[in-house]
Amino acid sequence: MVDDTMEHLILLLILCMVTSALGATTSFNVMSYGAVGNGRADDSQAFVKAWKAVCQAKSTNPILYIPPKKTFKLKPLTFNGPCKSSRIYILVSGMIVAPRKTEWAGNQLHAWLIFANINGLIVSGKGTINGQGSSWWPQPCMNNAGGKCRGPTAITFRRCHGLRLSGLTHINSPAVHILITATNGALVSNLRIIAPGTSPNTDGIDVSSSTNVQIRNSFIGTGDDCIAISAGSSNINISGITCAPGHGISIGALGHGGYDVVENVRVRNCTLRNTLTGVRLKTWQGGKGYARKISFEGIKFVDVHHPVQIDQYYCPSRVNCQNFTSTVAISDISYTAITGTSLDEQVIDLSCSQSVGCTNIKLDRVYITSSTPGKKVYANCVNAHGKSSHTRPAVNCLLP
Ligand SMILES: *[C@@H]1O[C@H](CO)[C@@H](O)[C@H](O)[C@H]1NC(C)=O
Ligand SMILES: *[C@@H]1O[C@H](CO)[C@@H](O)[C@H](O)[C@H]1NC(C)=O
Ligand SMILES: *[C@@H]1O[C@H](CO)[C@@H](O)[C@H](O)[C@H]1NC(C)=O
């Protein structure tokens, strides 16, 4: 918490220095580039021009400034680097809104705002990013992306090494709110991400093909995964997150073509309330690769349907779901100091592949009860191997 606050202070300090004679910092206010900020006018060109200026600036700390008490409407846009300065600030104080589905223009169908190839990008402020998703949710099937029907991702960070994102509120994305991909080093903190529990595909934060990522101290309540870690990701720390509602913290689904690897994921001190799943690993049948060294510690569930789950039979369509002999191998998974209540009776489900199985699964101090006082709960196992201690309900397939 302390360093997040420090970061805000430092940013403020830098802003104050704008007027100083040092000339090291330059602020580029989108209003100076023709933005209107009335929520109706298209401010895209103003943002593109301001971005060009920021990205080309030779000062050490250029700032793209989006002022408060105004609403800026942006078309699908890509903010591309590389930039001249090794640090680029974007201070979002006002609101940024997406076009509605009927106004969606251009060839960027799967993503609204993309930040790409910008090292040292720092996005901060008390502003709001509004994806206007309600216009997509009833029929999210405009762009058939690889057979998957969904609206665009609101904000994508691609190859933004050393990214810092903090303080903002993200609401009502058409689909995923924030995607971090192909990035090494990212710190995401103090966000609020909010969409209705019934909104389809509205993941909070997705991380793919990225390393050394920290996500902490944030509130995420949406209609799909709170945080999803997918293939090619390692060294991911998640802590101090409250998910309510949504589909919980997920790793996967892995193994749907290609060789998928996820390792070194730590999930600490998180609360999941009224979510469908709690903490979950999911893999398809027939995949290749591995998911290993994943730990969950200090997790609290309140009225969660499926609190602890490993699902190696992931097949959401439920049609042509076959069992294969190959699978993404799951090993070294630990669950420590995990407590709370569930709305379902099966509170722990370790459904590992028949052919490979999961190895070194450890449960220690896991206590999950029914949300209905006195109602029995149980654990299910398929080919799971490892140890459990101080755990209720008992997980009979694991050694004591
Ligand atoms: C994650 O946490 C571990 C243990 O505290 C630490 O060693 C590691 O550097 C952290 N990784 C990141 C990316 O913050
Ligand atoms: C989790 O909470 C404990 C107890 O409050 C604290 O000591 C620890 O530093 C926290 N860990 C993380 C990674 O936030
Ligand atoms: C796949 O294996 C699981 C676990 O043994 C079993 O429940 C399921 O019926 C199998 N599915 C098919 C299509 O054989």
Side-chain angles (χ1 to χ4, degrees), residues 1-5 7 157 160-166 180-191 205 207-220 227 229 232-243 249 251 253 255 262-272 279 281-287 292-301 306 309-328 330 332 334-340 346 348-358 364-365 379-385 397:
M1 274 303 221
V2 174
D3 44 352
D4 297 333
T5 314
E7 210 166 280
F157 296 98
C160 290
H161 307 312
L163 170 71
R164 283 166 181 244
L165 172 63
S166 69
I180 296 171
T181 187
T183 288
N184 176 20
L187 170 57
V188 175
S189 62
N190 295 298
L191 301 185
I205 303 173
V207 176
S208 69
S209 305
S210 293
T211 51
N212 300 313
V213 176
Q214 298 183 58
I215 303 174
R216 60 191 196 206
N217 304 336
S218 295
F219 177 88
I220 304 173
I227 297 175
I229 308 297
S233 300
S234 60
N235 297 330
I236 313 289
N237 289 357
I238 298 169
S239 64
I241 306 294
T242 297
C243 304
I249 298 173
I251 295 170
V262 169
E263 69 181 326
N264 287 322
V265 179
R266 295 162 199 258
V267 182
R268 295 277 183 285
N269 298 350
C270 294
T271 299
L272 296 102
V279 292
L281 271 83
K282 47 187 180 179
T283 71
W284 296 82
Q285 281 285 311
R292 67 188 182 201
K293 296 184 189 150
I294 295 166
S295 65
F296 302 95
E297 185 174 346
I299 311 292
K300 186 149 179 48
F301 300 118
H306 307 291
Q309 196 176 54
I310 293 178
D311 180 7
Q312 293 216 275
Y313 299 89
Y314 185 68
C315 183
S317 69
R318 288 170 209 274
V319 292
N320 297 325
C321 300
Q322 287 180 48
N323 288 347
F324 293 91
T325 49
S326 73
T327 190
V328 171
I330 291 183
D332 306 310
S334 70
Y335 301 89
T336 312
I338 295 192
T339 60
Q346 183 180 286
I348 297 172
D349 181 19
L350 308 177
S351 291
C352 299
S353 106
Q354 285 284 14
S355 46
V356 180
C358 309
D364 182 36
R365 287 168 284 139
N380 177 57
C381 277
V382 177
N383 213 8
H385 304 274
C397 60

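In each ligand, atom 1 is the first atom listed, and ligand 1 is the first ligand listed. The structure presented is a predicted model; accordingly, all values stated were derived computationally and were not measured. Basis for what follows: all heavy atoms, side chains included, without hydrogens, waters or symmetry-related copies.
Side-chain contact of Thr271 with Thr242: a donor-acceptor pair under 3.5 Å is absent, judged by distance alone. Defined by atom type and a distance below 3.5 Å, a donor-acceptor pair is present between the side-chain atoms of Arg268 and Ser295. Using modelled atom types and a 3.5 Å distance limit, the side chains of Thr283 and Gln312 yield a donor-acceptor pair. With hydrogens and angles left out, the side-chain atoms of Thr211 and Asn184 include a donor and acceptor closer than 3.5 Å.
In this structure, the disulfide bond (SG atoms under 2.5 Å apart) partners of Cys352, at least two apart in sequence or on a different chain, are Cys358.
Among all heavy-atom pairs drawn from Phe324 and Ser355, the shortest one is O-OG, 3.5 Å.
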Under 3.5 Å, N/O to N/O: give me all the pairs between ligand 3 and the protein, one per line with atom names and distance.
from: ligand 3; atom 1: 2 (O); to: Asn323; atom 2: ND2; distance (Å): 2.3
from: ligand 3; atom 1: 5 (O); to: Gln354; atom 2: NE2; distance (Å): 2.5
from: ligand 3; atom 1: 11 (N); to: Asn323; atom 2: ND2; distance (Å): 3.0
from: ligand 3; atom 1: 14 (O); to: Asn323; atom 2: ND2; distance (Å): 3.4

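Taking CD1 of Ile348 as the reference point, atom CG of Asn380 lies at 10.5 Å (rounded to 0.5 Å).
Among the atoms of Asn212, none of the N or O lies under 3.5 angstrom from an N or O of ligand 1.
Under 4.0 angstrom from ligand 1, the non-hydrogen atoms of Asn235 all belong to its backbone.
Heavy-atom proximity to Ser239, at under 4.0 Å, picks out these atoms of ligand 2: 13 (C), 14 (O).
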